[in-house]
Amino acid sequence: MSVKSVKTNDDKRVELEIAVSAEDFNKAVDAAFKKNSKKINVPGFRKGKAPRKMIEKMYGEGIFFEEAVNNTYPAAYQAAVVESKIEPVDRADIEVMEVSKENGYTFKATVTVKPEVKLDSYKGIEVEKKLYSVSDKDVEEQLTRMQEQTARLITVEDRAAKDGDTAVIDFEGFVDDVAFEGGKGTDYSLALGSKSFIPGFEDQVVGHKTGESFDVNVSFPEEYHAEELKGKAAVFKVTIKELKVKELAKLDDEFAKDVSEFDTLDELKKDIEKKLQEKRDEQSDTEVENKLMEEVAGKMEADIPECMYESRINEMIRDFEYRLQSQGMDLTHYLQYTGMELESFRKTFRAQAEAQVKTRLALEKIVELEKIEPTSEEVEAEFLNISQQYKMEVEKVKTIVPTSDIKIGLAMNKALDIVRENAKIKEVKEGAAKRKKTTTRKKATTKTETEKKETKTAAKSTKKAAPKEKKAETKTAKAAKEKEKE
């Protein structure tokens with residue numbers, strides 16, 4: 001392989017002209033012949049026994065050229081990328097120009113590359129850090145949610161249905177006196193007041209008793225996912241077969257024993273308060289990091305190609321699909337249920353994708369400027385962290401997650417640390433006015449922050465910085481784990 005020429009276009013696309021030698025090409029042609037010859041019929045020869053020259057005479061000299069090119073150009077392209085020291089951010093457009101046994105072949109690869117980034121200022125940034133507190137009301141609300149999760153459904157027979165009940169119903173829907181597909185259900189448990197059915201449906205179930213049959217008159221929304229039902233008036237024939245009401249457990253020491261490892265309700269409350277505060281402290285730290293990186297990205301100069309945003313959106317949608325699959329659903333049905341088109345669904349990721357691409361470029365530039373290089377110990381610690389998180393052997397993780405990805409993630413963590421430690425943070429209590437005087441401090445010299453820094457391990461710090469890239473890595477590990485189960 002050799003790079004014959006490199007051209008840079010104004011639209012951030014680079015054109016590589018790459019030559020594959022006759023020796024390498026003919027080896028690939030030989031391999032293609034051996035693979036396919038047994039499938040080819042030539043009159044006068046048993047199937048698979050015809051000589052190569054006879055096959056080429058009958059079907060043309062280039063019968064195996066296409067497969068040979070397809071099997072060799074990817075490696076040649078990757079080698080050319082390394083030799084040319086470019087960083088592609090999209091798939092290359094490939095055009096084969098000349099092919100012959102005597103000279104091998106030449107092809108042109110045109111690809112969009114990572115933009116040049118200028119970043120002069122990323123230290124001393126001033127942001128506010130909102131400090132969140134936990135109130136008694138927050139604790140009580142969490143206890144109420146725990147009550148709801150452990151509630152029992154008790155059948156009631158002496159009254160009519162009301163909001164909050166669960167009605168077990170049979171139903172069938174009709175439009176213009178014709179039953180429509182998907183409009184029938186048996187023994188369906190409907191939580192009244194949940195608004196999970198067509199608007200107005202649940203309201204008309206309220207007030208009826210067990211055993212009653214009645215009509216529910218509704219209209220499908222104009223944005224309903226089923227085209228044939230949009231805006232149509234419908235009648236549902238409904239029968240209530242059973243009414244159930246939630247019975248909540250009493251909040252006392254016995255409840256605490258049932259739902260936790262604690263013996264008293266007071267102990268459970270203190271634990272809830274502690275965990276809520278930890279979450280809010282983490283939320284506060286995350287908000288600060290986001291504000292800092294938003295400021296840094298705003299100071300960055302880069303002509304970012306559109307394909308970088310589109311690629312990140314694609315990754316985010318794949319992550320979303322993966323989560324849907326873990327819940328037994330796919331994207332097609334999700335879009336139907338939500339009444340969204342794919343294009344409008346993609347737009348919901350746009351702002352986040354732009355922010356993430358800019359953040360990554362900025363962090364990579366800081367890594368370059370600060371000459372950050374993770375140690376081998378830190379890399380091994382991160383592999384161990386992933387293996388423990390997904391209960392996989394470390395060596396198995398190493399076959400799934402490239403070491404280069406681990407190094408990039410760790411380096412960007414360190415870059416984020418530099419930005420955060422050199423920032424000027426104004427702490428503001430939740431609900432306080434912004435004009436209220438607060439303490440301005442530089443995090444690198446604050447005792448609590450220094451202590452946090454010293455006690456961090458490489459594996460733990462990796463969880464915080466570059467979270468979107470880390471998600472891609474851990475998702476890969478998770479997918480491999482699921483594959484092992486199969």
Side-chain angles (χ1 to χ4, degrees), residues 1-20 24-25 28 32 65-99 104-117 302-322 331 342-343 345-350 352-361 363-365 399-409 412 466 468-476 479-480:
M1 186 282 304
S2 64
V3 180
K4 297 177 69 174
S5 66
V6 180
K7 298 179 182 178
T8 303
N9 300 330
D10 293 336
D11 61 354
K12 305 303 178 187
R13 285 172 69 80
V14 169
E15 181 183 292
L16 303 175
E17 188 173 326
I18 304 162
V20 176
D24 291 340
F25 175 60
F65 283 10
E66 181 177 354
E67 184 167 339
V69 168
N70 288 337
N71 289 339
T72 53
Y73 89 78
Y77 167 70
Q78 289 300 328
V81 166
V82 174
E83 181 180 324
S84 304
K85 297 180 180 180
I86 62 173
E87 292 186 73
V89 293
D90 199 8
R91 294 182 64 178
D93 293 327
I94 303 297
E95 180 187 351
V96 179
M97 301 165 67
E98 299 174 4
V99 185
Y105 71 94
T106 302
F107 69 98
K108 183 167 63 177
T110 307
V111 66
T112 304
V113 295
K114 186 177 293 185
E116 291 185 11
V117 174
D303 186 6
I304 303 173
E306 178 65 22
C307 66
M308 291 189 72
Y309 298 135
E310 291 298 317
S311 294
R312 183 60 195 136
I313 291 172
N314 291 339
E315 291 172 1
M316 295 168 76
I317 290 177
R318 283 196 294 271
D319 287 344
F320 188 85
E321 284 186 281
Y322 184 82
L331 183 60
L342 180 59
E343 193 57 39
F345 178 68
R346 288 181 63 85
K347 288 179 181 178
T348 63
F349 293 95
R350 177 71 189 199
Q352 190 179 1
E354 287 187 6
Q356 290 176 12
V357 168
K358 291 175 182 177
T359 294
R360 182 177 176 87
L361 287 173
L363 287 173
E364 288 176 344
K365 188 63 179 180
T399 65
I400 298 169
V401 185
T403 301
S404 58
D405 287 359
I406 295 291
K407 287 183 175 180
I408 291 171
M412 290 197 295
K468 305 308 174 187
E469 293 305 317
K470 179 52 58 186
K471 180 182 285 186
E473 293 169 9
T474 54
K475 187 190 80 171
T476 304

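This is a predicted model, so every value here is computed, not measured. These values consider heavy atoms only, across backbone and side chains, with no hydrogens, waters or symmetry-generated copies.
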- Could you tell me whether Lys407 atom NZ has more than 12 heavy atoms of other residues or ligands within 6.0 Å of it? no

- State, yes or no, whether a side-chain contact exists between Asp24 and Thr72 at a heavy-atom distance under 4.5 Å. no

- Heavy atoms of Val113 and Pro305 approach each other most closely as O-CG, 4.2 Å

- Query: Is Arg350 atom CZ crowded by more than 12 heavy atoms from other residues, nucleotides or ligands, each under 6.0 Å away?
  - Reply: yes

- Message: Any non-hydrogen side-chain atom of Val357 less than 4.5 Å from a side-chain atom of Ser311?
- Response: no

- Assess whether side-chain contact (heavy atoms from CB on, under 4.5 Å) is satisfied between Val111 and Tyr77, documenting all intermediate values. CA-CA 11 Å; Val111 66; Tyr77 167 70; 3.6 Å; yes

- Task: Please lay out, stage by stage, how Tyr105 and Phe65 fare under the test ring-ring contact (aromatic ring centres under 6.0 Å, His included).
- Result: CA-CA 10 Å; Tyr105 71 94; Phe65 283 10; 9.3 Å; no

- Message: For Lys114 and Leu361: C-alpha separation, side-chain torsions, deciding distance, then whether side-chain contact (heavy atoms from CB on, under 4.5 Å) applies.
- Response: CA-CA 9 Å; Lys114 186 177 293 185; Leu361 287 173; 3.9 Å; yes

- Can you find a heavy atom in the side chain of Phe345 that is under 4.5 Å from one in the side chain of Leu331? yes

- Any Glu364 side-chain heavy atom under 4.5 Å of Val117 side chain: no

- Item | Pairwise distance CZ(Arg13) to SG(Cys307) - rounded to 0.5 angstrom | 8.0 Å

- Message: Working to the nearest 0.5 angstrom, can you tell me the gap between Thr359 OG1 and Glu354 CD?
- Response: 11.5 Å

- Under a 4.5 Å cut-off applied to non-hydrogen side-chain atoms, are Leu16 and Ser84 in contact? yes

- Any side-chain heavy-atom pair from Thr110 and Glu15 closer than 4.5 angstrom? yes

- Task: Verify the neighbour count for atom CD of Glu306: are there more than 12 heavy atoms of other residues, nucleotides or ligands below 6.0 Å?
- Result: yes

- Verify side-chain contact (heavy atoms from CB on, under 4.5 Å) between Gln356 and Tyr309, making sure each step is shown before the conclusion. CA-CA 9 Å; Gln356 290 176 12; Tyr309 298 135; over 6 Å; no

- Going from CD1 on Ile313 to CZ on Phe320, what distance comes out if it is rounded to the nearest 0.5 angstrom? 14.5 Å

- side-chain contact (heavy atoms from CB on, under 4.5 Å) between Glu83 and Ile18, worked out: CA-CA 11 Å; Glu83 181 180 324; Ile18 304 162; over 6 Å; no

- Out of curiosity, Met97 CE to Lys108 NZ, how far, rounded to the nearest 0.5 Å? 5.5 Å

- What distance do Lys358 atom NZ and Ile304 atom CD1 have between them, rounded to the nearest 0.5 Å? 6.0 Å

- Beyond-backbone contact of Met316 with Arg312, side-chain heavy atoms, under 4.5 angstrom: yes

- Item | Nearest-0.5 Å distance, CZ of residue Phe107 to CD of residue Glu98 | 13.5 Å

- Message: Measuring only between side-chain heavy atoms, which start at C-beta, is Val69 closer than 4.5 Å to Phe25?
- Response: yes

- Message: Looking at every heavy atom in both Pro115 and Asp303, which two are closest together, and how far apart are they?
- Response: CB-O, 3.3 Å

